[in-house]
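Take a look at the structure set out below.
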Amino acid sequence: MSATAMTFRGSYTVCITPFDAEGGVDLPTLRDYVDWQIDEGVHGLIPLGSTGEFLSLSREERAAVAETVITQAAGRVPVLIGTAAEWTDEAIAISREAEALGADGVMLVPPYYSSPTDAELIVHFTRVAEALSIPVMLYNNPFTANVDLSAALVGRLSEVDNISYIKDTSKNVHRVTELLEACQGRMTVFAGYYPWESYLAGAEGYSSVMSNIMPKLSAQTFDRTVDGSNEGRALYIKSLPLINALAGDLYVSATKAAMAMIGRPVGAPRPPRLPLPAAKAAELQTILKDLGLPVEA
């Protein structure tokens, strides 16, 4: 299958992983969450990314989450599975498993401990891409991976068959322009932050944390920006306090706290992460109320 067989664009939710009271993965809640997200109009789902706490899950749990989301989505929206690993052979194995389960694509952050060089990154991503027949989305997050995928490097990687998407979380909106220029039409850019500005610069998607809380608003911001209307900016400004509240080092804790506040509890994050501190929770609750959401104490 060609990497261009399916086009990914729009607001894709980077999914939380729900846990039950004993700390195990809560698959029934995950199935309900997938249906709710799709009913709210999201354009795609990305489980097992950073927000999904993939590093805190066993291999078996990662497979169970991937299979559950793919099966429950049932082709209604594309599903890209986060398949990152520190060891290239493991990333290949997890990616092949995702493809066998029916994933539409995979998303990979660079190896997150070894601070690989450009030459090592080219080998890593190329080997994964060549092992698959579904598209690879690169995930540039210099704040957690300790390396920044420069536009020049991504331009070289875009020449590899199947590497055709990138989620850029550099917080540098101008990077969208640099990426599009370097890749010469071979790469679709997804924003990791600042979606409205990124859309205007040429991004065609948003890997959205806030969509865990307000999937419809996130999807509408995309729809009403790319269709040329002026409504997209107003929706973005409305959502910006929530986007900012879910950013930073406590993004998993904040996202899970917000979901509990809107009546969709998904459990606490796994250690070493802790629940959101009370002061931050109070600020978050105010933001959600200002957005008109029914908030539970």
Side-chain angles (χ1 to χ4, degrees), residues 12-17 19 25 46-63 65-66 80-99 103 105-132 135-154 156-158 160 162-163 165-172 175 179 187 189-193 207-209 212 246-256 269-274:
Y12 279 46
T13 306
V14 283
C15 309
I16 50 80
T17 299
F19 300 130
V25 176
I46 308 178
L48 299 171
S50 304
T51 303
E53 300 176 75
F54 77 94
L55 281 169
S56 300
L57 302 177
S58 68
R59 278 287 300 273
E60 293 76 17
E61 287 173 327
R62 288 177 71 168
V65 168
L80 280 66
I81 302 296
T83 58
E86 182 69 17
W87 179 28
T88 302
D89 287 3
E90 185 175 15
I92 291 170
I94 297 172
S95 298
R96 281 177 166 164
E97 180 178 72
E99 180 173 16
V106 299
M107 183 181 75
L108 289 106
V109 73
Y112 24 78
Y113 182 81
S114 57
S115 300
T117 65
D118 282 6
E120 290 169 337
L121 287 166
I122 288 171
V123 169
H124 178 75
F125 288 123
T126 299
R127 283 191 58 202
V128 175
E130 289 178 345
L132 303 174
V136 171
M137 174 182 282
L138 306 176
Y139 175 14
N140 183 37
N141 191 336
F143 307 103
T144 59
N146 302 315
V147 294
D148 185 8
L149 302 181
S150 69
L153 173 61
V154 175
R156 293 172 64 187
L157 288 167
S158 72
V160 178
N162 280 6
I163 301 181
Y165 296 86
I166 182 168
K167 170 189 175 181
D168 185 73
T169 312
S170 66
K171 289 191 174 183
N172 175 6
R175 180 65 65 83
L179 288 167
M187 187 78 74
V189 177
F190 272 58
Y193 283 111
S207 180
S208 178
V209 178
N212 283 286
L246 300 178
D249 294 338
L250 300 178
Y251 63 98
V252 174
S253 302
T255 302
K256 288 197 161 183
R270 280 188 171 172
R273 291 187 172 96
L274 298 174

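Side-chain N or O atoms of Asn212 include one that pairs as donor or acceptor with a backbone N or O of Val14 at under 3.5 Å. Panel note: side chain Lys171, backbone Gly192; no donor-acceptor pair is recorded below 3.5 Å. Using a distance-only test at 3.5 Å, with no hydrogens or angles considered, no donor-acceptor pair links the side chain of Asn146 to the main chain of Ser115. Judged by distance alone, with hydrogens and angles left aside, the side-chain atoms of Glu86 form a donor-acceptor pair with the main-chain N or O of Tyr112 at under 3.5 Å. Distance alone, capped at 3.5 Å, places no donor-acceptor pair between the Asp168 side chain and the Arg175 backbone.
Side-chain contact between Pro111 and His124 is present, with heavy atoms from C-beta onward closer than 4.5 Å. For the pair Thr17/Glu61, no side-chain contact is recorded, criterion being any heavy-atom separation below 4.5 Å from C-beta on. Leu153 is not listed as a side-chain neighbour of Asp148, based on a closest heavy-atom distance of 4.5 Å or more. Side-chain atoms of Leu179 and Met187, non-hydrogen and from C-beta on, never get closer than 4.5 Å to each other.
Taking every heavy atom of both residues into account, Val128 and Leu132 meet most closely at O-CG, 3.4 Å. The minimum heavy-atom distance between Tyr251 and Leu246, with the atom names listed, is CB-O, 2.9 Å. Contact detail for Ala84 and Val109: the closest heavy-atom pair is CB-CG1, 3.6 Å. Here the shortest heavy-atom pairing between Ser50 and Val252 reads O-CG2, 3.8 Å. Between Pro271 and Ser56, the shortest heavy-atom contact is O-OG, 4.5 Å. Across all their heavy atoms, Glu99 and Ala131 have their closest contact at OE1-O, 4.4 Å.
Summarising the geometry, atom CG belonging to Leu80 is positioned 11.5 Å from atom CG belonging to Leu48; distances are rounded to the nearest 0.5 Å. Between the CG atom in Leu274 and the CG atom in Leu250 there is a gap of 9.0 Å [rounded to 0.5 Å]. Note that the CG atom of Leu149 and the CZ atom of Arg156 stand 12.5 Å from one another [nearest 0.5 Å]. The SG atom of Cys15 sits 12.5 Å away from atom CD of Glu53, with the distance rounded to the nearest 0.5 Å. Distance CG/Leu121 to OG/Ser114: 8.0 Å, rounded to 0.5 Å. The OH atom of Tyr113 sits 15.5 Å away from the OG1 atom of Thr144 when rounded to the nearest 0.5 Å.
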When you look at Thr83 and Arg96, which way does the side chain to side chain contact (heavy atoms under 4.5 Å, CB included) test go after all the steps?
-> CA-CA 9 Å; Thr83 58; Arg96 281 177 166 164; over 6 Å; no
Trace of the side chain to side chain contact (heavy atoms under 4.5 Å, CB included) decision for Tyr139 with Ser207 | CA-CA 10 Å; Tyr139 175 14; Ser207 180; over 6 Å; no
Verdict with supporting geometry, Phe19 and Val25, side chain to side chain contact (heavy atoms under 4.5 Å, CB included) = CA-CA 4 Å; Phe19 300 130; Val25 176; 3.9 Å; yes
Pair Asp118-Val147, side chain to side chain contact (heavy atoms under 4.5 Å, CB included): steps then yes or no = CA-CA 9 Å; Asp118 282 6; Val147 294; over 6 Å; no
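Judged by the 6.0 Å distance and 45° axis criteria, Lys167 is not positioned over the aromatic ring of Phe190.
Surrounding CZ of Arg270 are more than 12 heavy atoms belonging to other residues, nucleotides or ligands, all under 6.0 Å away. More than 12 heavy atoms of other shown residues, nucleotides or ligands fall within 6.0 angstrom of atom CZ in Arg273.
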